[in-house]
Amino acid sequence: MITFSVEDHTGQVQTLELPGDINLSLMEVLKASDYPIAATCGGMALCATCHLEVLSGGDRLPAPGDAELDMLDTLPNATAQSRLACQIRLSENLQGACFALKAPALV
Ligand code: FES
């Protein structure tokens, strides 16, 4: 099992525990867990509506690719810890990590 935590738009932190062998992106996990993210482009690194910040554990994640970096460059609120959830695959690398949602909440 993989355990990590996510801070939502209201500041509430929830711990998620998932099997490590499901082939999903972090964006897909967040949507399936009813987090209000739009993920408009479906995971193509084109919309940034899955933008989040890695609060801890980022050193274990694979580095962002060019498409992710290009999209993050367009965001006024991006930080050095910003990532696109759709570009992060669920894996043991997420164990113990903490994320905070940064994209505007879907209403
Ligand atoms: S879902 Fe569009 S950039 Fe991640």
Side-chain angles (χ1 to χ4, degrees):
M1 298 293 277
I2 302 169
T3 304
F4 56 93
S5 55
V6 179
E7 180 182 315
D8 69 14
H9 302 89
T10 68
Q12 186 172 351
V13 179
Q14 183 180 356
T15 299
L16 300 180
E17 187 174 71
L18 298 154
D21 58 353
I22 55 175
N23 186 26
L24 294 175
S25 70
L26 180 55
M27 175 274 282
E28 292 167 320
V29 168
L30 295 175
K31 284 191 70 79
S33 302
D34 292 330
Y35 282 93
I37 59 171
T40 310
C41 76
M44 303 293 288
L46 294 173
C47 70
T49 58
C50 66
H51 176 206
L52 48 70
E53 194 168 46
V54 184
L55 301 180
S56 65
D59 51 328
R60 294 189 300 275
L61 298 176
D66 289 344
E68 181 176 1
L69 289 171
D70 287 348
M71 179 50 62
L72 290 172
D73 272 350
T74 70
L75 303 178
N77 64 339
T79 70
Q81 287 73 43
S82 286
R83 295 296 304 261
L84 298 177
C86 67
Q87 301 303 301
I88 299 174
R89 303 304 299 179
L90 194 69
S91 76
E92 297 291 337
N93 291 337
L94 274 64
Q95 178 63 39
C98 185
F99 303 96
L101 302 183
K102 296 290 282 185
L106 188 63
V107 290

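The structure displayed is predicted, hence computed values, not measured ones. In each ligand, atom 1 is the first atom listed, and ligand 1 is the first ligand listed.
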Hydrophobic cluster identity match, Val54 and Val29, side-chain contacts under 4.5 Å: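 Yes, same cluster.
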
Residue portion contacting ligand 1 (non-hydrogen atoms closer than 4.0 Å) for Ala48: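 Backbone only.
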
Region of Ala39 engaging ligand 1 - heavy atom pairs below 4.0 Å: both

N/O/S atom of Cys86 inside 2.8 Å of atom 2 (Fe) of ligand 1, strictly under: no

Cys50 N/O/S atom closer than 2.8 Å to atom 2 (Fe) of ligand 1: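 It does not; every qualifying atom lies at 2.8 Å or beyond.
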
From CD (Glu28) to CZ (Arg89), nearest 0.5 Å: 5.5 Å

Pull out every atom of ligand 1 sitting under 4.0 Å from any heavy atom of [X], numbered as shown with elements.
{"X": "Gly43", "result": "1 (S)"}
{"X": "Leu46", "result": "3 (S)"}
{"X": "Ala45", "result": "3 (S)"}
{"X": "Cys41", "result": "1 (S), 2 (Fe), 3 (S)"}

Validation row: Phe99, Leu30 side chains within 4.5 angstrom (heavy atoms):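 Of all side-chain heavy-atom pairs linking Leu30 with Phe99, none is under 4.5 Å.
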
Leu90 vs Phe4 side-chain heavy atoms within contact, under 4.5 Å: yes

Greater than 12 external heavy atoms within 6.0 Å of Asp73's CG: yes

Minimum heavy-atom distance Glu92-Ile2, with the two atoms named: N-CD1, 3.8 Å

